[in-house]
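As a basis for the values below, the full set of heavy atoms in this structure was taken, side chains included, without hydrogen atoms, waters or symmetry mates.
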Amino acid sequence: MNLDQTVAKQNLDKNHSPNLKFKNVDYGDCKWTKGFWADKFKLCEEVMVPYMGEVLCGDIGHALNNFKIAAGEKQGEHKGMFWHDGDFYKFMEAKTYVYGQTKNPNLLEELDEYIGIISRAQEKDGYLQTQIQLRSEVDRYENRKYHEMYNTGHLLISACVHYRITGQRNFLDIAIKHADLLHTIFMPDTKHYGRFGFNQTQIMGLVELYRTLGDRKYLDLAEKFINNRGKYKVEHHSTTEGYPIGDMVQERTPLRESNEAVGHAVLALYFYAGAADVYAETGEKALIDALDRLWENVTNKKMYVTGAVGQTHYGASANRDMIEEGFLDAYMMPNMTAYNETCANLCNAMFSYRMLGIHGESKYADIMELVLYNSALSGISVAGKEYFYANPLRMLHNTRDYKAHENVTETPDREPYLSCFCCPPNLVRTIATVSDWAYSLSEDGISVNLYGSNSLDTKLTDGSPFKISQDTEYPWKGLVKITVEECRKSAIEICLRIPVWVENATLLLNGQDIGIPIISGSYAKIARVWKKGDIITLDMPMTARLVEGHPRIEEVRNQVAVKRGPIVYCIETPDLPPDNSILDVYLNGDSELQVSYHPDFLGGICTLETEVLLRVDKGEGMYRASGRPKFEPYKTRLIPYFAWSNRGQAEMTVFIPIIWNTDSISSKP
């Protein structure tokens, strides 16, 4: 480890946030060894990141070209969305994570090349926004619709990650110069800039810079951006024209007074995640009280069974503010028109990850896991090169105009490139770093948050070395074996998350039941003096089960979804007879759901074999006379939701009407 890397690690160690019950292990301490996440990381390393590099560094994505033009090294004009710089920073972050696991020197050389171009594109005072620098008609911080704050946040985050993993300052110095300019402009109270800080990734970025450098001014500025929301009169002026105002950008209600998640889902959840980062440093009770209320509102009233959020592309808030890509009222959960932007789903997991650190409660890891296996991975093909922006729970043929306007983000198939490219690098960087979420350090030991075969070689909070290995076929099987490889001689606590879906789990130590309570939706805690070779065995039976929605979710009344372990399932038309629509399918409530693993199908998945009922008496017209329906049984399979749309254009649904044998239904309790 060179001097810069040592300094980087020391800075990270001494800046452990004081208000966290669970703290991060260092990136790279956990490595996937085999199975589901090892396969996804390998695909990320070998396909996702290289392909994304080809796109973003070439003429299709044009992101690196924008920096080259701003640096005077290429002729041309800015192409891509206003937030394209930030998307490139996320790609760089993903590549840095892969380097952190593989130590491939070629990746570091490529990153250095990008950083050199970005450095030359940066203006002398630290300003760096190619969408502004290359447009003569627009001034700096003239209008918030140009997403300068979004780009800033991802610049700061990516640069801090790069410094911590590589020990090099070349990217970090760019970020510092830019953040110092931001502090000069936005720290003073001004009416012009007071409402500017929307799309609040800069809050997370500033906190990361504070954690990396220890300079309080960055944390103060992050807090200033939070304090400004809801402080000013909501009306259009020069900085807001051309973009929705009010609830859309979370500026009607101060965060500390908020009870309901409103507006653009990505903006909201990045805001909440940033505020959670600030709380981790300051411990302000009003902040965490608000975040607790907002987390409950999102997960219990506005979240889909897949962990997805952001119910609509277009809508309105209770204050009649226009909403795009965002939250609707509680329990208003359409399936076919569900927007569920991949970024929003990922932000839901990121927010929960921060809340897990603050509270140390398993319910937050439950949401992380739910998103990762369902509404996150649904955003990318099993091949790793095609993407979804929106993630509906039902898809029908010929029901929407997917070319209604230039920037339609809903598509019937995954696409190899999206002009609005925020989601793909967000997902790829998450896949690259999900090993960092698997474990957390606590004051008394370590917690196991996510299951997957891996090795962990880390240091406990007292600095003592700790090594364990995890062996499992999760999420397809619920048996997990954890072996202690090295531990200090005094007692520590190993906490294992018992997912909320678990029933009748068993927990053994060295083959013996030690009487530890196993409560679904909590951590099972084993405190003892550990010795090398100790084996913890957790067995979580995975039975496919039916899930119904809250009675107020009108769209899923008398329908069910199917879930096994953390995986939500769906049915897709390639598994139906020709000329049958998803709308013809009913589940047979008395038919078993039989598990079958297929290593060479859709990247290796468990399917659920069952009998469905296909309705054959199809009426005509918007409303039609009804009688006793006629059905034909058909044996088919359900596939994981994340694996749909990998066999050509298809119809799909998660929620399915169900037919029960009325003879088995009793009116008696």
Side-chain angles (χ1 to χ4, degrees), residues 53 55-93 110-160 162 169-187 190 192-193 195-202 205-206 209 218 221 225 238-243 407 419-422 425:
V55 170
L56 290 177
C57 297
D59 292 335
I60 295 175
H62 206 267
L64 188 60
N65 284 348
N66 289 334
F67 289 107
K68 288 179 178 179
I69 297 167
E73 298 173 7
K74 187 180 180 68
Q75 296 295 313
E77 60 184 20
H78 183 276
K79 292 183 181 178
M81 301 296 183
F82 298 146
W83 47 91
H84 212 35
D85 287 4
D87 301 337
F88 191 76
Y89 298 138
K90 283 186 283 187
F91 158 68
M92 292 178 66
E93 186 182 344
E110 290 163 1
L111 286 164
D112 283 343
E113 180 185 349
Y114 306 153
I115 292 166
I117 295 168
I118 292 168
S119 177
R120 294 188 290 276
Q122 187 174 32
E123 298 187 7
K124 289 183 179 180
D125 64 354
Y127 187 78
L128 182 59
Q129 302 281 346
T130 66
Q131 79 280 17
I132 303 297
Q133 291 169 267
L134 302 181
R135 294 172 182 267
S136 59
E137 75 278 9
V138 182
D139 289 332
R140 299 177 178 189
Y141 305 115
E142 176 183 301
N143 190 304
R144 63 188 188 183
K145 73 179 180 182
Y146 291 104
H147 289 261
E148 287 156 288
M149 293 302 172
Y150 171 90
N151 295 334
T152 288
H154 288 298
L155 165 62
L156 304 185
I157 294 167
S158 184
C160 289
H162 180 269
R169 287 192 62 104
N170 50 347
F171 200 12
L172 182 66
D173 287 340
I174 295 171
I176 293 170
K177 193 174 179 181
H178 183 74
D180 287 348
L181 175 67
L182 205 71
H183 188 275
T184 300
I185 294 172
F186 287 92
M187 198 61 194
T190 65
H192 177 79
Y193 293 123
R195 292 171 62 198
F196 213 91
F198 97 112
N199 205 345
Q200 289 88 219
T201 56
Q202 84 279 6
L206 287 163
L209 201 57
Y218 302 121
L221 182 57
F225 282 118
S238 61
T239 70
T240 69
E241 293 294 341
Y243 201 88
N407 296 318
S419 59
C420 180
F421 204 68
C422 55

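Between His147 and the options Phe82, Phe198, Tyr141, a ring-ring contact (aromatic ring centres under 6.0 Å, His included) holds for only Phe198.
Counting all heavy atoms, side chain and backbone alike, Asn65 lies closest to Cys57 at OD1-O, 4.4 Å. For Ser158 against Met92, the heavy-atom pair with the smallest separation is OG-CB, 3.9 Å. Summarising the geometry of Thr239 relative to Asn143, their closest heavy-atom pair is O-OD1, 3.1 Å, with the distance given to 0.1 Å. Nearest heavy atom pair, residue His192 against residue Glu142, reads CE1-O, 4.3 Å. Nearest heavy atoms, Gly242 versus Lys145: O-CD, 4.1 Å. Scanning both residues, Glu93 and Ile157, for their nearest heavy atoms gives OE1-CG2, 3.7 Å.
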Residues Asp85, Tyr150; criterion side-chain contact (heavy atoms from CB on, under 4.5 Å); working and verdict
CA-CA 9 Å; Asp85 287 4; Tyr150 171 90; over 6 Å; no

Step by step, work out the salt bridge (Lys or Arg N to Asp or Glu O under 4.0 Å) result for Glu123 and Arg140.
CA-CA 12 Å; Glu123 298 187 7; Arg140 299 177 178 189; 2.6 Å; yes

Step-by-step ring pair (Phe, Tyr, Trp, His ring centres under 6.0 Å) determination, Phe225 to Phe196
CA-CA 9 Å; Phe225 282 118; Phe196 213 91; 9.2 Å; no

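Side-chain N/O atoms of His62 and Asn66 include a donor and acceptor closer than 3.5 Å. Between the side chains of Asp139 and Tyr146, no donor-acceptor pair is found at a separation under 3.5 Å. Of the N and O atoms on the side chains of Asp112 and Asn170, at least one donor lies less than 3.5 Å from an acceptor on the other residue. Inspection of the Thr152 and His178 side chains reveals an N or O donor paired with an N or O acceptor under 3.5 Å.
Between Asp87 and Lys90 a salt bridge is recorded (basic side-chain N to carboxylate O distance below 4.0 Å).
Here the side chains of Gln133 and Leu128 are in contact, with some heavy-atom distance below 4.5 Å. The shortest distance between side-chain heavy atoms of Gln200 and Met149 does not fall below 4.5 Å. At least one side-chain heavy atom of Arg144 sits under 4.5 Å from a side-chain heavy atom of Thr240. Taking the side chain as every heavy atom from C-beta outward, His162 and Ile115 approach each other to under 4.5 Å. Side-chain atoms of Phe171 and Leu111, non-hydrogen and from C-beta on, never get closer than 4.5 Å to each other. Residues His84 and Gln131 have side chains not in contact (no heavy-atom distance under 4.5 Å, counting atoms from C-beta outward). Using a 4.5 Å heavy-atom cutoff, the side chains of Phe67 and Tyr114 are not in contact. Put simply, the side chain of Leu134 does not reach to within 4.5 Å of the side chain of Glu77, judged on heavy atoms.
Here the CH2-NE2 distance, from Trp83 to His154, works out to 12.0 Å after rounding to the nearest 0.5 Å. With values rounded to the nearest 0.5 angstrom, Thr201 atom OG1 is found 5.5 Å from Asn199 atom CG. How far CG of Leu182 is from CD of Glu148: 9.5 Å, rounded to the nearest 0.5 Å. Going from atom CD1 of Ile117 over to atom NZ of Lys68 covers 5.0 Å, rounded to the nearest 0.5 Å. Atom OH of Tyr89 and atom CD1 of Ile174 lie 8.0 Å apart (nearest 0.5 Å).
Under the side-chain contact (heavy atoms from CB on, under 4.5 Å) criterion, Ala179 pairs with Leu156, Leu206, Leu209, Tyr218, not counting sequence neighbours. Not counting sequence neighbours, the partners of Asp173 by the side-chain contact (heavy atoms from CB on, under 4.5 Å) test are Arg169, Ile176.
Of the possible polar contacts, none joining the Asn151 side chain to the Gln129 backbone as a donor-acceptor pair under 3.5 Å is found. The backbone N or O of Asp180 lies less than 3.5 Å from a partner atom in the side chain of Thr184, making a donor-acceptor pair.
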